[in-house]
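Accompanying notes for the structure given below.
Just so you know, ligand 1 is whichever comes first in the structure, and atom 1 is the first atom listed for that ligand.
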Amino acid sequence: MKSKILRLLKESDGYLSGQQICDYFQVSRTAIWKVIEQLKKEGYQIEAVRNKGYHLTESPDVISRAEIESMSKGRWAGGHVVFYEETDSTNNRAKDAGEKGEAHGTLFVADRQTSGKGRRGRGWESPAGMSVYMTILLRPDIQPVKAPQMTLLMAVAVVEGIHKVTGLCCGIKWPNDIVCRGKKICGILTEMSSEMTYINYVVIGAGINVNQETFPQEIEDRATSLRMELGCNIRRAELIAAVMESFEECYETFLKTEDLSGLKERYNALLVNKDQDVKILEPGNEYYAHASGINEKGELIIRTEDGEEKTVYAGEVSVRGVYGYV
Ligand code: ATP
């Protein structure tokens, strides 16, 4: 009810009468009053005027379940939110819930992660109060071998969500890092539970640097945040909703062909490695090549220095610029 009241307040451009809300939910005025008081405690500025009703004058940058759900525009992606003030990793929470039968599309969000995860056992710096850590739980009816392609859907959705909310144009470093001026602003991690022929669930997590002003020394040369790029704070719940809206659409396009043919152009237009010289890092092997974009399987098409054209698959491979991270 809290999420819905918040949504009603946001959608109403004037006053929303207590009676209107009571009729809508079929509950008493006291019950409504209690929810309004809770919202005020969380930092929402709500005016209550006799004979007129309630009017929301300001929303804080909170990321609670109610705030995120009240902003959600999609039909299924992120409409149901499980929120944690603090957890080890939202991917872990989504995987646990996946085991217990939680529904497709549920979004797990935390204000702080104590063991944020990157790819291949690396960590993700996850301070409280300033970033987005979210993981969506999915139950696609596709072959397990195709699941890694879904990472690229989230990459497109994050770039589009950031652009929609802030106007900032970020790019994608293949396969799944979001970068701005050569620095990383978001990392994405996909994990899966499957049998040989079917998927139990897939979780896709995104850590977006939103309102940080500094980073720890070890990563400060290659990390940035929206605040550092734009010079102002961004509302995290609005960003989460925009990313989910775009993700839902990308996912539905992906499912039509069960590959990236419907999204390849969109992805390649955002790819910072496109038509660039890159360094390919494979376990025990490093070489230079020219990258031309992804194919419909999400593999990076490259031409090696001896002229051979081939594709590389994200699993074991990382890509760098010739002179630096991008
Ligand atoms: P790859 O190209 O293989 O993805 P990567 O270095 O980008 O390599 P990821 O696993 O995607 O690796 O991300 C984890 C790495 O990102 C960490 O090892 C660290 O260097 C960096 N990192 C950790 N936290 C943050 C953060 N909040 N913002 C930006 N970068 C971070």
Side-chain angles (χ1 to χ4, degrees), residues 63 86-92 109-135 148-152 154-155 158-159 162 168 170-191 203-230 234 236 239 267 270-274 276-289 291 294 298-300 302 312-326:
I63 45 165
E86 179 179 302
T87 190
D88 53 351
S89 139
T90 53
N91 269 32
N92 288 352
V109 181
D111 187 52
R112 171 169 184 247
Q113 295 185 122
T114 51
S115 313
K117 296 194 279 188
R119 296 211 294 161
R120 286 173 267 166
R122 291 184 287 243
W124 187 256
E125 183 62 31
S126 307
M130 54 187 84
S131 266
V132 165
Y133 315 111
M134 62 177 180
T135 300
Q149 295 179 30
M150 291 165 45
T151 303
L152 284 72
M154 185 61 92
V158 170
V159 174
I162 289 176
L168 184 69
C170 298
I172 302 170
K173 179 178 84 67
W174 183 84
N176 61 343
D177 291 319
I178 310 306
V179 292
C180 189
R181 291 188 307 113
K183 293 182 167 189
K184 187 154 154 176
I185 210 157
C186 166
I188 296 167
L189 179 67
T190 299
E191 299 179 82
V203 304
I204 310 180
I208 312 176
N209 299 326
V210 182
N211 292 325
Q212 283 101 322
E213 293 182 82
T214 55
F215 285 96
Q217 214 179 351
E218 319 84 78
I219 55 169
E220 68 181 2
D221 58 336
R222 47 194 163 116
T224 189
S225 69
L226 294 176
R227 193 197 150 86
M228 286 157 88
E229 297 304 317
L230 296 159
I234 300 299
R236 289 172 292 164
L239 182 62
Y267 183 95
L270 301 172
L271 183 64
V272 293
N273 312 106
K274 184 167 162 45
Q276 298 293 317
D277 291 335
V278 291
K279 186 154 79 172
I280 305 288
L281 312 177
E282 287 173 359
N285 189 21
E286 268 188 41
Y287 57 95
Y288 291 94
I294 60 158
E299 297 160 340
L300 188 66
I302 56 167
V312 286
Y313 172 74
E316 286 290 293
V317 177
S318 295
V319 164
R320 296 285 177 270
V322 173
Y323 301 109
Y325 184 63
V326 175

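Counting heavy atoms from C-beta on, the side chains of L300 and V317 never come closer than 4.5 Å. Residues W124 and N209 have side chains in contact (heavy-atom distance under 4.5 Å, counting atoms from C-beta outward). Side-chain contact between K117 and E191 is present, with at least one heavy-atom pair separated by less than 4.5 Å.
Near G118, meaning under 4.0 Å from any of its heavy atoms, are these atoms of ligand 1: 10 (O). Close contacts between ligand 1 and R120 involve ligand atoms 3 (O) [criterion: under 4.0 Å to a heavy atom].
Nearest heavy-atom pair, I208 versus S131, reported as atom, atom and distance to 0.1 Å: O-OG, 3.3 Å.
At the shortest separation from atom 4 (O) of ligand 1 among protein heavy atoms lies D177 OD2, 3.1 Å. Regarding atom 18 (O) of ligand 1, its nearest protein heavy-atom neighbour is R122 CD, 3.5 Å. Of all protein heavy atoms, the one lying nearest to atom 24 (N) of ligand 1 is E125 N, 2.8 Å. In terms of protein heavy atoms, atom 31 (C) of ligand 1 is closest to W124 CZ3, 3.3 Å. Ranking the protein heavy atoms by distance from atom 3 (O) of ligand 1 puts S318 OG, 2.5 Å first. Among all non-hydrogen protein atoms, the one lying nearest atom 23 (C) of ligand 1 is G123 O, 3.4 Å. Atom 19 (C) of ligand 1 has its closest protein heavy atom at I219 CG2, 3.7 Å. When hydrogens are left out, the protein atom nearest atom 28 (N) of ligand 1 is N209 ND2, 2.9 Å; that is the closest non-hydrogen contact.
In terms of polar-atom proximity, Y325 is counted as a contact of ligand 1, with an N or O under 3.5 Å from an N or O of the ligand. Remark: ligand 1 and Q212 share no N or O pair separated by less than 3.5 Å (distance only, no angle test).
Counting only non-hydrogen atoms, the option in K184, R119, R320 that gets closest to atom 13 (O) of ligand 1 is K184.
Tested against S318 for a side-chain hydrogen bond (donor to acceptor under 3.5 Å, both in side chains), the candidates E282, K173, K279, R120 yield a single pass: R120. Among the candidates Q212, R181, K183, E229, the single residue satisfying the side-chain hydrogen bond (donor to acceptor under 3.5 Å, both in side chains) test with T224 is E229. Paired with I204 under the rule side-chain contact (heavy atoms from CB on, under 4.5 Å), one option of L189, T135, I188 passes, and it is I188.
Within the 4.0 Å heavy-atom criterion, the part of K173 lying near ligand 1 is the side chain and not the backbone.
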* Apply side chain to side chain contact (heavy atoms under 4.5 Å, CB included) to the pair D111 and I63, showing each step before the final yes or no. => CA-CA 7 Å; D111 187 52; I63 45 165; 3.9 Å; yes
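Ligand 1 has R222 within reach: a non-hydrogen atom of the residue lies less than 4.0 Å from it.
The closest donor-acceptor contact from the side chain of N273 to the backbone of W174 lies under 3.5 Å.
A cation-pi arrangement is absent between K184 and Y325, since the terminal nitrogen or guanidinium carbon is not both under 6.0 Å from the aromatic centre and inside a 45° cone about the axis.
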